[in-house]
Trainee: 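So that we are looking at the same thing, I have put the structure below in C-alpha cells.
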Amino acid sequence: MAGVDSLLKMVVAQAGDELRLSTDEAPRMLTHGAPLRLSIPATSDDILRHLLGPLLDPEREAELRRRGRLELEHVTEEGQRFTVELKSRGAAPPTGAFPIEAIFRRGAASAPRPTAARAGSAAPAQAAPAPASAPTPPSAIASFPSPSSSSAPRDAEQAPELARLLQRAVALFATDLHLAEGEPASVRIDGALRRLDDSHPLRLDALFGPLLDDAVRAQLALGHSVDLALSQGELGRFRINLYRIAGGLAAAVRILPRSAPAISELHLPVELDDLLDLPHGLVLICGATGSGKSATLAALAQAAVRRRSMLLISLEDPIEYVIHPREGASLVRQRQIGRDVRDFPTGLRDALREDPDLLLIGEMRDRESISLAITAAETGRLVLATLHSRGTASAIDRILDSYPAGQQSQVRIQLAEALRAVIAQRLLPRARGPGRVPAVEVLRRTHTVANLLREGRTAQLATVLQSGGKEGMIPLERCLADLVRSGQVSRDSARAAANDLNALEDYLVRA
C-alpha cells in the first residue's frame with residue numbers, strides 16, 4: 001500500500017475530491033476547488049517520495065524526468081479510485097533528485113493518459129467512473145474530524161496495558177501521566193514528576209496500537225503530533241497528546257475530572273462571586289499550563305448557570321470539565337473543537353447567532369479568536385476565557401501584541417469598554433502535607449483602569465493593583481506574602497512564583 005493512502009482516506013472522509021502534494025510544501029485538500037482543513041506540515045522530498053511509494057518507482061521516475069509529466073490511476077486498499085498527475089517542478093536534472101508535485105483527483109470523468117502497466121504497481125490507466133453523487137460542500141458537513149485529533153473518544157478497554165497505567169495514575173491522584181519509548185512511566189503529582197516504581201520500559205506502539213488508525217499513523221509518520229480523547233467507564237476521561245521523539249514515540253496524558261468543581265472547592269484567596277452577576281463583558285483567566293485556570297473557568301461557569309437562567313455555549317479543545325446546570329434553570333451546550341465544530345473562530349462566529357447569555361472559550365489562541373471574543377462581550381454576552389500569560393498586565397499586552405500596530409489603538413478602546421476582570425493564578429506546593437495552594441492576581445475594571453487601557457499605559461497597572469484593594473484587586477506578590485505569613489507555602493515557593501521579587505520582599509518585610 002502506498003503511504004499516501006492514509007491521506008486519501010482523509011480526502012474521502014471529509015468529502016474532498018482533490019489532494020495536492022508538492023516538495024517542501026504543506027499538503028492541500030480541496031473540494032470543488034475550495035480548500036478543506038488539513039493541518040500537516042510541509043513534506044520534504046524524502047517524505048513525499050515515501051508517501052508516493054510504488055507510484056513513483058525508478059522506472060516511472062525516469063519517465064517523469066524525461067517527459068516532465070505523467071498521468072496514471074491509483075486504487076486504494078479500500079477501493080477508492082483516483083487519477084494521479086505527477087509533474088516535475090522545473091526542468092529535471094539528468095541525475096539526482098528533483099522537486100515534484102502530485103495531484104490526486106477523486107472520481108475524475110476523463111481517462112488519464114496511459115502508462116505502461118506493471119504488476120504490483122498502480123492499476124493500468126482507464127476511465128474512472130463518475131461518483132454516484134456530488135461531494136458534500138464543506139458547509140454541509142455534520143462533523144469536522146481534524147487530521148491531528150480524534151473525532152470521538154476511544155475506549156481505554158481496547159488497550160488493557162494502557163488502562164492499567166491509567167488506573168495507577170488515578171489512584172495516586174496524579175494530574176498527568178508521561179510515557180516514552182523504552183522508559184518506565186512517570187506521573188505528575190502536586191506539580192512534581194515521579195516515576196512509577198512498578199512500571200517497566202514501555203513499547204508505545206504496542207501500548208497505543210489498538211487506538212491508532214491509518215490516518216493517525218500517517219500524521220505521526222509526517223512528524224505531526226496527534227490528540228486523542230479516551231474514556232474508561234468509572235475511571236474517567238483522558239486527553240492524550242502522542243508525538244515523536246528521537247527514540248520513538250512519547251505521550252502526555254492529562255487526567256480529566258468528571259465535572260466542574262464548586263468555587264468553594266478551589267480555596268481561592270480572594271472572592272470572585274460577584275463576577276457571576278455581570279450581565280456582559282470579558283473576564284480573562286490567565287496562567288501557565290497546569291496553573292488551574294481551566295478549573296477556575298469551569299467553576300465560575302457552573303456557578304453562573306446554577307444562579308441564573310441562561311444559555312451557556314462553550315468552545316473547548318478538549319472538553320475538560322462537564323458543566324451541570326441546576327435542573328430547569330439553564331441550558332448548557334458544550335462543543336469540542338475538531339469534533340463538534342471545525343475550529344475556535346468558526347465556533348465563535350456560530351455562537352454569535354446562537355443566542356448565548358454566557359460564552360466560555362477554552363483558550364484565546366490567535367488574533368481572530370481574540371477579536372471575536374471581544375466582539376461577543378461588546379454585544380451583550382458575558383464571556384469567560386483563558387489566556388496563557390504570567391500576569392494581568394502582560395495578558396493585556398499579549399492581546400494588543402497580536403494586532404498590527406495600526407490596529408492597536410482601536411483594540412485598546414474596545415478592551416477599555418469590554419474588559420471586566422483579569423485573574424492570573426499559580427498553584428504552589430503546600431508547605432506541609434500533600435496538595436497545592438492557589439495564588440492569584442486580580443485586576444478589575446475601574447474608571448482609572450479603563451483610562452490606562454485607552455491611553456496604552458499598561459505599565460502603570462501595577463500601581464493600580466497595589467492601591468485597588470477596596471475594588472477587589474490584589475497583586476500576585478501580596479497574595480504570595482499572605483500565603484507565606486499564614487504558613488501555607490514556603491518562602492522559596494513564593495519566590496519561585498513571583499513576577500517581582502523586590503515587591504514580594506517588600507510585602508514580607510511589611511508583614
Trainee: Tell me which pairs pass side chain to side chain donor-acceptor pair (under 3.5 Å) where either residue lies in residues 468-482, with sequence neighbours left out.
Mentor: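 Pairs touching residues 468-482 that pass the test: Asp482-Arg485.
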Trainee: Test your reading of the model: is there a side-chain donor-acceptor pair from Asn241 to the backbone of Asp227, 3.5 Å cut-off?
Mentor: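 Side chain of Asn241 to backbone of Asp227, a donor-acceptor pair under 3.5 Å: no, none is there.
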Trainee: Are Asp343 and Arg365 ion-paired here, with the side-chain N under 4.0 Å from a carboxylate O?
Mentor: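 No salt bridge links Asp343 with Arg365.
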Trainee: To the nearest 0.5 Å, what is the distance between CD on Gln302 and OH on Tyr321?
Mentor: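 Result: 11.0 Å between the selected atoms.
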Trainee: Any side-chain donor-acceptor pair under 3.5 Å between Gln336 and Glu316?
Mentor: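 Result is no, nothing qualifies.
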Trainee: Under the criterion side chain to side chain contact (heavy atoms under 4.5 Å, CB included), I'd like the reasoning laid out for Leu19 against Val4: C-alpha separation, chi angles, the key distance, then a yes or no.
Mentor: CA-CA 10 Å; Leu19 174 70; Val4 75; 4.0 Å; yes
Trainee: If you measure from CG on Leu222 to CG on Leu7, what distance do you get to the nearest 0.5 Å?
Mentor: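 The CG atom of Leu222 sits 6.0 Å away from the CG atom of Leu7.
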Trainee: Do the charged groups of Asp357 and Arg308 touch, with an N to O distance under 4.0 Å?
Mentor: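 Not counted as a salt bridge, because no side-chain N and carboxylate O are separated by less than 4.0 Å.
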Trainee: Run the numbers on Val383 and His280 for side chain to side chain contact (heavy atoms under 4.5 Å, CB included), then give the verdict.
Mentor: CA-CA 7 Å; Val383 180; His280 54 77; over 6 Å; no
Trainee: Determine yes or no for a side-chain-to-main-chain donor-acceptor pair under 3.5 angstrom, with Arg326 supplying the side chain and Ala303 the backbone.
Mentor: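 No, the answer is negative, given that no donor and acceptor are paired below the 3.5 Å cut-off.
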Trainee: Just grab all the side chain to side chain donor-acceptor pair (under 3.5 Å) pairs involving residues 424-441, residues at least two apart or on different chains.
Mentor: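 Every side chain to side chain donor-acceptor pair (under 3.5 Å) pair that includes a residue of residues 424-441, provided the two are not neighbours, is Thr296-Gln425, Thr392-Glu441, Arg426-Asn499.
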Trainee: What salt bridge (charged side-chain N to carboxylate O under 4.0 Å, His left out) pairs are there with at least one residue in residues 240-257, not counting sequence neighbours?
Mentor: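 Counting only pairs at least two positions apart or across chains, the salt bridge (charged side-chain N to carboxylate O under 4.0 Å, His left out) contacts touching residues 240-257 are Asp176-Arg254.
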Trainee: What residues, two or more places apart in sequence or in another chain, satisfy salt bridge (Lys or Arg N to Asp or Glu O under 4.0 Å) together with Arg333?
Mentor: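 Checked Arg333 against salt bridge (Lys or Arg N to Asp or Glu O under 4.0 Å); zero matches.
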Trainee: If you look at every heavy atom in Arg390 and Ala424, which pair is closest and at what distance?
Mentor: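 That would be O-CB, 3.9 Å.
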Trainee: Give a yes or no answer on whether the side chain of Ser309 reaches the backbone of Ala329 with a donor-acceptor pair at less than 3.5 Å.
Mentor: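 Yes.
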Trainee: Working to the nearest 0.5 Å, report the span between CD1 of Ile285 and CD1 of Ile423.
Mentor: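 So the gap between those two atoms works out to 5.0 Å.
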Trainee: In Å, rounded to the nearest 0.5 Å, how long is the span from CG of Asp401 to CD1 of Ile396?
Mentor: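 Those atoms lie 12.0 Å apart.
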Trainee: Is the backbone N or O of Ser493 less than 3.5 Å from a side-chain atom of Ser490, with the two atoms forming a donor-acceptor pair by type?
Mentor: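 Between the backbone of Ser493 and the side chain of Ser490 there is a qualifying donor-acceptor contact (under 3.5 Å).
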Trainee: In terms of side-chain geometry, is the basic nitrogen of Arg495 or Glu505 positioned less than 4.0 Å from the acidic oxygen of its partner?
Mentor: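 Here Arg495 pairs with Glu505 in a salt bridge, since their nearest N and O are under 4.0 Å apart.
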Trainee: Heavy atoms only: give me the nearest Leu348-Ser369 pair and the separation to one decimal.
Mentor: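 In terms of heavy atoms, the two residues are closest at CD1-O, 3.6 Å.
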Trainee: So which of Leu242, Leu162, Ile240, Leu249 actually passes side-chain contact (heavy atoms from CB on, under 4.5 Å) with Leu179?
Mentor: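 Exactly one pass, corresponding to Leu162.
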Trainee: With distance as the sole test, does Arg239 use its side chain to make a donor-acceptor pair with the main-chain N or O of Glu320 at under 3.5 Å?
Mentor: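 Judged by distance alone, no pair lies under 3.5 Å.
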Trainee: For Ser371, what residues pass the side chain to side chain donor-acceptor pair (under 3.5 Å) criterion, not counting sequence neighbours?
Mentor: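 Not a single residue meets the side chain to side chain donor-acceptor pair (under 3.5 Å) criterion with Ser371.
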Trainee: Using modelled atom types and a 3.5 Å cut-off, is there a donor and acceptor pairing between side-chain atoms of Gln488 and backbone atoms of Ala431?
Mentor: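 Side chain of Gln488 to backbone of Ala431, a donor-acceptor pair under 3.5 Å: no, none is there.
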Trainee: Backbone N or O of Gly287 within a donor-acceptor pair of the Lys293 side chain at under 3.5 Å?
Mentor: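 Yes, the answer is positive, given that a donor and an acceptor are paired below the 3.5 Å cut-off.
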Trainee: Using salt bridge (charged side-chain N to carboxylate O under 4.0 Å, His left out), reason through Arg420 and Asp274 one step at a time and then give a plain yes or no.
Mentor: CA-CA 11 Å; Arg420 293 295 177 268; Asp274 61 299; over 6 Å; no
Trainee: Go through the steps to decide whether Thr23 and Arg89 satisfy the test side chain to side chain donor-acceptor pair (under 3.5 Å), and finish with yes or no.
Mentor: CA-CA 9 Å; Thr23 303; Arg89 290 167 50 191; 4.7 Å; no
Trainee: Please round to the nearest 0.5 Å and tell me the distance separating atom CZ of Phe104 and atom CD of Glu18.
Mentor: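 Going from the CZ atom of Phe104 to the CD atom of Glu18 covers 11.0 Å.
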Trainee: Say you draw a straight line from CD of Gln407 to CZ of Arg367; how long is it, rounded to the nearest 0.5 Å?
Mentor: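 So the CD of Gln407 and the CZ of Arg367 are separated by 5.5 Å.
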Trainee: Which heavy atom in Met364 sits nearest to a heavy atom in Leu387, and how many Å separate them?
Mentor: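 It is O-CD1, 3.4 Å.
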Trainee: Please tell me whether Thr379 and Arg381 have a donor and an acceptor in their side chains that are separated by less than 3.5 angstrom.
Mentor: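 Looking only at side-chain atoms, Arg381 and Thr379 do form a donor-acceptor pair, the distance falling under 3.5 Å.
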Trainee: Checking Glu354 now: which residues fulfil salt bridge (Lys or Arg N to Asp or Glu O under 4.0 Å) with it, not counting sequence neighbours?
Mentor: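 Applying salt bridge (Lys or Arg N to Asp or Glu O under 4.0 Å) to Glu354 gives Arg335.
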Trainee: Work out which heavy atom in Leu428 is nearest to a heavy atom in Ala439; give both atom names and the distance.
Mentor: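 Looking at all heavy atoms of both residues, the shortest contact is CD1-CB, 4.0 Å.
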Trainee: With a 3.5 Å distance limit and no angle check, can you tell me whether Thr31 reaches the backbone of Gly16 through a side-chain donor-acceptor pair?
Mentor: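 Side chain of Thr31 to backbone of Gly16, a donor-acceptor pair under 3.5 Å: no, none is there.
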Trainee: Taking NZ, NE, NH1 and NH2 as the nitrogens, is one of them in Arg412 or Glu417 under 4.0 Å from a carboxylate oxygen of the other?
Mentor: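 Salt bridge: no.
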Trainee: If you look at every heavy atom in Val440 and Val442, which pair is closest and at what distance?
Mentor: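 Minimum heavy-atom contact is CG2-CG2, 4.1 Å.
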Trainee: So, for Ala377 and Gly281, which heavy atoms are closest and what is the spacing to 0.1 Å?
Mentor: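 Taking every non-hydrogen atom into account, CB-C, 3.6 Å.
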